[in-house]
Amino acid sequence: MKKYGEQLIRFLSSRQGKRYLHFCYSWGAALVIIGAMFKILHFSYANEMLMVAMSLEAVIFVLSAFDFPEGLPEKEIPPVPARPVNSPAKIHEADYEETLRILTRQMERLTGFIHSVNTVSGEIEKHSFTYGVQIRQMGENLKELNLLYQQLIEQFDKQPEPDEPEDENEILN
């Protein structure tokens with residue numbers, strides 16, 4: 001099984017494999033879009049088309065997992081070092097004090113930033129509350145307007161129809 005995986009990786013890493021994968025991506029995406037259009041327009045076989053297209057895309061995504069980005073084949077990924085480069089044993093006291101000063105400045109900046117975010121957050125909350133009140137008031141106004149409109153329609157329906165003239169001379173008089 002490992003042999004087939006290695007062959008698949010070699011093929012997908014080749015120029016021809018990349019073209020094949022790009023071809024499959026393009027066709028799969030096109031089929032998904034057409035299936036979605038069928039679904040939106042309520043054409044027949046929309047469900048089937050979407051199922052086939054989405055299944056094809058899923059297979060393509062599984063295959064793309066075997067494709068490595070250019071310049072990063074599996075063997076060139078550097079190993080994680082067992083111990084960090086700047087371990088505490090290598091930091092001198094002067095470096096420690098400078099690092100502490102830098103961290104203190106950064107923490108002060110972070111505190112200022114958090115204070116700014118809290119201020120802005122409070123303003124957003126206040127304006128959101130005001131916006132909510134305005135939306136509720138607008139909804140109530142719209143209900144009242146609909147009620148008035150309904151009353152106007154009812155009054156208009158109650159008015160008698162004007163008599164239609166029987167000939168053109170009555171219109172002119």
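Values reported hereafter were calculated over all heavy atoms of this structure, with side chains retained and with hydrogens, waters and symmetry mates removed.
- Members clustered with Ile135: Tyr131, Met138, by chain and number, using a 4.5 Å side-chain heavy-atom cutoff among hydrophobic residues.
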Considering only distance and modelled atom types, tabulate donor-acceptor pairs under 3.5 Å from the side chains of residues 28-43, sequence neighbours left out.
unit_1, atom_1, unit_2, atom_2, d
Lys39, NZ, Asn47, OD1, 2.3

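- The hydrophobic cluster containing Phe129, built from Ile/Leu/Val/Met/Phe/Trp/Tyr side-chain heavy atoms closer than 4.5 Å, also comprises Val133.
- Expressed to the nearest 0.5 Å, how far OG1 of Thr99 lies from CG of Leu103 amounts to 6.5 Å.
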Sequence neighbours excluded and cut-off under 3.5 Å, please list the side-chain donor-acceptor pairs for residues 104-113, or say none.
unit_1, atom_1, unit_2, atom_2, d
Thr104, OG1, Leu100, O, 2.7
Thr111, OG1, Met107, O, 2.8

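- Partners of Glu144 by salt bridge (charged side-chain N to carboxylate O under 4.0 Å, His left out), not counting sequence neighbours: none found.
- Apart from Ile124 itself, the hydrophobic cluster it occupies contains Val120, where clustering links Ile, Leu, Val, Met, Phe, Trp and Tyr at side-chain heavy-atom distances under 4.5 Å.
- Residues passing the side-chain contact (heavy atoms from CB on, under 4.5 Å) test with Ser14, sequence neighbours excluded: Phe11, Gln16.
- For Phe61, the side-chain contact (heavy atoms from CB on, under 4.5 Å) partners at least two apart in sequence or on another chain are Tyr25, Glu57, Ser64.
- Lys143 places none of its side-chain heavy atoms less than 4.5 Å from the side chain of Leu147.
- Annotation: salt bridge (Lys or Arg N to Asp or Glu O under 4.0 Å) contacts involving residues 119-131, sequence neighbours excluded, comprise Glu123-Lys126.
- Among residues two or more places apart in sequence or in another chain, the side-chain contact (heavy atoms from CB on, under 4.5 Å) test is passed with Gln137 by Glu140, Asn141.
- Arg19 contributes atom CZ, which lies 9.5 Å from atom NE2 of His22 (distance to the nearest 0.5 angstrom).
- Scanning for side chain to side chain donor-acceptor pair (under 3.5 Å) contacts around Asn118 gives an empty result, with sequence neighbours left out.
- Note: Thr119 OG1 to Ile114 CD1 = 12.0 Å, rounded to the nearest 0.5 Å.
- Through chains of ILVMFWY side-chain contacts below 4.5 Å, Ile153 is grouped with Tyr149.
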